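These figures come from a predicted structure and were not determined experimentally. Residue numbers begin at 1 in each chain, while the letters A, B, ... track the order of the sequences. For the numbers below, each heavy atom of this structure counts, side chains included, while hydrogens, waters and symmetry mates do not.
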Amino acid sequence: MNTTAQLLHSKKKTILESWMSNQLSDQGLRDDLISNEELHKQSDELLNGLARAMATGNTDNIYAAEYEPITEILSDISITRARQGFSPRETGMYVLSLKKAIADALEQELAGQHEQLYKEVMMVNRLLDSLSVVTFETFIKGREEVILRQSDEISEISTPVIKVWEGILALPIIGTLDSARTQVVMESLLQEIVNTGSNIAILDISGVPAVDSLVAQHLIKTVSATRLMGAECIISGIRAEIAQTIVHLGIDLSNIKTKASLASALQLAFSMNRIEVKSHSKSTTFGFKR
Amino acid sequence: MQIVREQDVVLFRNRVREYSTKIGMSLVNQTKLITAASELVRNMLKYANGGQVVIEIISKSAQNGVRLTFTDQGPGIADIQQAMQDGFSTGKSLGLGLPGAKRLVNEFDIQSKPGEGTRVTVIHWKHGR
Ligand SMILES: Nc1ncnc2c1ncn2[C@@H]1O[C@H](COP(=O)(O)OP(=O)(O)O)[C@@H](O)[C@H]1O
Ligand SMILES: [Mg+2]
C-alpha cells in the first residue's frame, strides 16, 4: 500500500484540519455562501473515499469504479457551487488546496526519504490534478444549466402585442424564435387582432439574433395566419446582414411587406390606413385625420 | 460539443459567434456562418436525434477561418444530390437548409452513408473568400 493511502487513514484528522484551514484562509473563499459545518462534512467524506480508493492501488485512473464516490462528491460540490454563484477559482481551490495538506503530511512522515517523498508527492499531484479537471467540467456544466434555465424563462415571458395606433398593432420579437415561441406569438397576435379590430400588424424582428430557414418558415406562417384573419402583416427590423443572409439561404419574402426599421413600417401602416401624421410648424404636437 | 436538445442550438451558435469574433470576422460574415451553422445543427437534431460538433480556428495563406464539423450517427442521406436541391425536404420544412448553408459559407463538404450517419464540414474565412 502506498504511504499516502496509509496517511489518509492514520492522519486523517490532521490532514482534514490543515485542508480546512487552507480553504478558509484562501482570500477568494466566500464564507457567506457555504457553511463551515457543511464544508467540513463534505471534506471528511471525500477524504474517506480517497483513502479507500487509493488503498486499492489504483492511483491514476479516476474513471475506475473505486473513484466513483469521489467524483460524485466533487461533481455534487461543483454543481452546487456553480448554482450558488461561486467563481471557478473558488470551486477549483477546493481540490487544489488538498494537495498542500497531503504534501505537508507526507513531508513529515517521510522526512529524510527524499526519493520516496518525491514519488508520493508527484503521484498525489497527478491524481488531484485529474480530479480538479472533473471539478471544472462539472462546474461549467452547472453554469450552462443555469443559462439554459434562464433562457427558458426569458422565452416564457410572453411577447407583448402593443396597440400603437387605431387599427395598428406592433409586436417586437426579442430572442430566438423557436417552434414553441412562434405558437405563443401567433396566438397572442391573432387574439389581439380580434380584440382590437386591427387590420395591420407589424412584426419587428430587430431583436432576433439569427434568421435561419426555420425562423423564416415561422414568420411566413405567422403572416399567412394574420392574412386569414383579414389583416395585413409588415415585418420590420431586418438588419442589413440578415437581409443578405436571407437572400443567400434562398428564402423568398417577396410577397411579404418588409421594412428596415419599425419607424418606416409604421409610416407604411399609416399610409395604408390613410392616416396622415404631421408636425405643426412650431409646436411638436401630432394630429391625425382619417 | 454534444448536441442533444433544442437549447443546445443557442449555446452552439453563441460559441460560433465567440470564435468568429476572436478572429475578427465582419458582422456579415459572422451572420452567414452562424446561420449556416444553425441550419446544420438543426438538421442533426431533427433527422439524426443529435450528434457532435467541433469548432476550430484554422489558417491558410495568412488568413484565419473557422471550421465547423457536424457528425451524427443518424439514418444518413440516401441521395445527397436530391437533398442538396432547393426545396427538397422530407421534414415538411422549406428544404433550404443544406443548399442554403452551402451558399452561405466558403467551403462545404457533405459525406453520408445510409444507416451509418452524416458528416458535414464547413469553412468560412475571415474575409469571406
Ligand atoms: N443530418 C441529417 N441526417 C439525415 N438526413 C438529413 C440530415 N440533414 C438533412 N437531411 C435530409 O436532407 C433533407 C434536406 O435538408 P434541408 O436542406 O436542411 O431541408 P429541410 O431541413 O427543410 O428538410 C432533409 O429533409 C432530410 O431528409
Ligand atoms: Mg434543414
Exercise. Output the option from B:V9, B:V28, B:D8, B:I34 having the highest count of non-hydrogen pairs under 4.5 Å with chain A.
Key: B:V28
Exercise. Can you establish whether the number of heavy atoms outside B:Q63 located under 6.0 Å from its atom CD is more than 12?
Key: yes
Quiz item: When you check the gap from the basic side-chain N to the acidic O, do B:R5 and A:E144 get nearer than 4.0 Å?
Solution: no
Quiz item: So how far is it from B:L94 CG to A:L214 CG, rounded to the nearest 0.5 Å?
Solution: 8.5 Å
Quiz prompt | Region of B:A101 in contact with chain A, defined by heavy-atom distances below 4.5 Å | solution = backbone
Quiz item: Would one find more than 12 heavy atoms of other residues, nucleotides or ligands at under 6.0 Å from atom CD of B:Q82?
Solution: yes
Quiz item: Which answer fits B:L11, side chain, backbone, both or neither, if we ask what part of it has an atom under 4.5 Å from a heavy atom of chain A?
Solution: side chain
Practice problem: Could you look at B:E6 and say if it's the side chain, the backbone, both or neither that has a heavy atom under 4.5 Å from chain A? | Solution: side chain
Practice problem: Step through the shown structure and confirm whether more than 12 heavy atoms of other residues, nucleotides or ligands are within 6.0 Å of CG on B:D86. | Solution: yes
Quiz prompt | Residues of residues 234-251 of chain A within contact distance of chain B, non-hydrogen under 4.5 Å | solution = A:E241, A:I242, A:Q244, A:T245, A:H248, A:L249, A:G250, A:I251
Self-check item: More than 12 heavy atoms from other groups under 6.0 Å of CZ on B:R119
Solution: no
Practice problem: Please state whether the side chain, the backbone, both or neither of B:K92 comes within less than 4.5 Å of a heavy atom of chain A. | Solution: backbone
Quiz item: Around atom NZ of A:K141, are there more than 12 heavy atoms of other residues, nucleotides or ligands at under 6.0 Å?
Solution: no
Self-check item: B:E39 side-chain N/O to A:S213 backbone N/O, donor-acceptor pair under 3.5 Å
Solution: yes
Quiz item: Does atom NZ of B:K46 have more than 12 heavy-atom neighbours, drawn from other residues, nucleotides or ligands, at distances under 6.0 Å?
Solution: yes
